[in-house]
There are 2 protein chains.
Amino acid sequence: MRIGELAQKSGFSRDTIRFYEQNGLITSTVGDSETNSYRNYKNDCLVWLKFFAGAREAGMSVADLRSIVEATAESCDREVARAVIQRKIEELKERADQIGNAVRFLENTLSG
Amino acid sequence: MRIGELAQKSGFSRDTIRFYEQNGLITSTVGDSETNSYRNYKNDCLVWLKFFAGAREAGMSVADLRSIVEATAESCDREVARAVIQRKIEELKERADQIGNAVRFLENTLSG
DNA sequence: AAAAACAATAGACCATTGTCCATGGTTGAG
DNA sequence: CTCAACCATGGACAATGGTCTATTGTTTTT
């Protein structure tokens with residue numbers, strides 16, 4: 001699909017999609033048209049983008065996402081990949097703990 | 001206490017403390033010395049800073065923190081304050097949900 | 001054919017969240 | 001007294017995550 005369709009389906013702007021692509025979060029290929037240089041995005045990209053939307057809200061950085069994308073690439077050693085992903089999961093859980101603390105603190109200001 | 005002590009006790013750098021102060025997260029008073037203009041921070045500041053440390057890790061912005069600080073001020077209407085804090089709690093819970101989703105996604109890439 | 005919508009690329013621009021530096025004055029230890 | 005450590009203020013600088021604009025070319029619609 002082309003960038004416009006991907007934008008519409010993912011909810012990200014074209015600019016943001018290009019920004020993510022520049023940062024290695026997704027990849028596209030140049031179509032085989034002789035007349036234009038429009039890029040082609042696979043459904044894969046859409047899947048990733050949907051994950052990115054939630055992941056960004058969860059507080060993950062673009063660099064985090066990149067390392068995840070790279071880890072899940074075929075070329076990446078399975079052991080290394082597992083370690084990277086595990087690390088990210090732990091970071092997320094730590095953040096969840098901090099959220100729990102913050103919520104308790106705020107609830108206290110309400111009742112206290 | 002002076003900024004150095006506050007920095008040491010809170011774990012934030014002097015610069016960050018000044019930055020937070022400029023952004024209305026904490027306040028200090030000018031001491032009553034005739035010879036210097038050193039600022040004085042109350043224990044209150046330390047309590048806030050300790051909360052900020054976790055809250056920032058939880059993904060709250062400085063603007064978020066500011067609205068919380070303002071809401072808990074004496075001068076703020078209790079009803080308004082409650083609404084602000086409730087809102088922040090909900091945002092945190094949403095973020096926690098997103099974290100849950102991201103964790104599940106990542107765990108899937110490990111097992112799947 | 002002409003206009004509207006879409007695309008690629010590159011670079012400028014913006015807010016956020018700090019950090020670092022320069023300057024100049026103060027305090028405390030030795 | 002002097003030197004190190006501290007403080008205040010202000011401004012520069014940097015990374016992150018986008019967004020906007022300009023330019024140029026393509027496709028689609030009318």
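Chain letters run A, B, ... following the sequence lines, proteins first and then strands; every chain starts at 1.
- To the nearest 0.5 angstrom, B/I99 atom CD1 is 3.5 Å from A/I99 atom CD1.
- Under 4.0 Å is where a charged nitrogen must lie from a carboxylate oxygen, and between B/E91 and B/R95 no such pair does.
- If you take CG of B/L49 and P of C/dG18, they are 12 Å apart, rounded to a whole angstrom.
- As a whole-Å value, the separation of B/I26 CD1 from C/dG18 P is 13 Å.
- Note: OH (A/Y38) to P (C/dA5) measures 14 Å, nearest angstrom.
- Mapping A/V62 and B/V30 onto DNA chain D by nearest heavy atom places B/V30 closer to the 5' end of the strand.
- Considering only side-chain atoms of A/R39, the nucleotide from C/dT27, C/dA8, D/dT19 that sits closest is C/dA8.
- Comparing C/dA7, D/dG18, C/dC20 by their nearest atom to the side chain of B/D15 picks out C/dC20.
- Projected onto DNA chain C by closest heavy-atom contact, B/E34 and B/S61 fall at different nucleotides, the more 5' of which corresponds to B/S61.
- Under 4.0 Å is where a charged nitrogen must lie from a carboxylate oxygen, and between B/K93 and A/E107 at least one such pair does.
- At least one side-chain nitrogen or oxygen of A/T16 sits closer than 4.0 Å to the OP1 or OP2 atom of D/dT19.
- Atom CZ of B/R66 is separated from atom P of C/dT17 by 12 Å (rounded to the nearest Å).
- One can place CZ of B/F52 at 12 Å from P of C/dT17, the figure rounded to the nearest angstrom.
- Between A/S33 and D/dT27 there is a side-chain polar atom (N or O) within less than 4.0 angstrom of OP1 or OP2.
- Applying the 4.0 Å criterion to OP1 and OP2 of C/dT27, one finds that B/N36 has a side-chain N or O inside that range.
- No more than 12 heavy atoms of other residues, nucleotides or ligands shown are found within 6.0 angstrom of CZ on B/R87.
- Checked against D/dC7, D/dT19, C/dT19, the side chain of A/S13 finds its nearest nucleotide in D/dT19.
- Using bins of under 30°, 30° to 60° and over 60° for the plane-to-plane angle, the ring pair A/F105/B/F51 lands in the parallel bin.
- The CG atom of A/D64 sits 12 Å away from the C1' atom of D/dT16 (whole-angstrom rounding).
- For A/F19, taking side-chain heavy atoms from C-beta onward, the closest of the listed nucleotides D/dG18, D/dT27, C/dT26 is D/dG18.
- Comparing atom distances between the A/T35 side chain and each of D/dG18, D/dT27, C/dT19 picks out D/dT27 as nearest.
- Nearest to the side chain of B/R2, among C/dA7, D/dC6, D/dT26, sits D/dC6.
- The CZ-P distance, from A/R14 to C/dA5, rounds to 12 Å in whole Å.
- With C/dC20, D/dC7, C/dG18 as the candidates, the nucleotide lying closest to the side chain of B/R56 is C/dG18.
- Once rounded to the nearest 0.5 Å, the distance linking CG of A/L25 with CH2 of A/W48 reads 8.5 Å.
- Across all strands, A/Y20 comes closer than 4.0 Å only to sugar-phosphate atoms, never to a base (heavy-atom distances).
- Taking atom CD of residue B/E21 and atom P of nucleotide D/dG10, one finds them 12 Å apart after rounding to whole Å.
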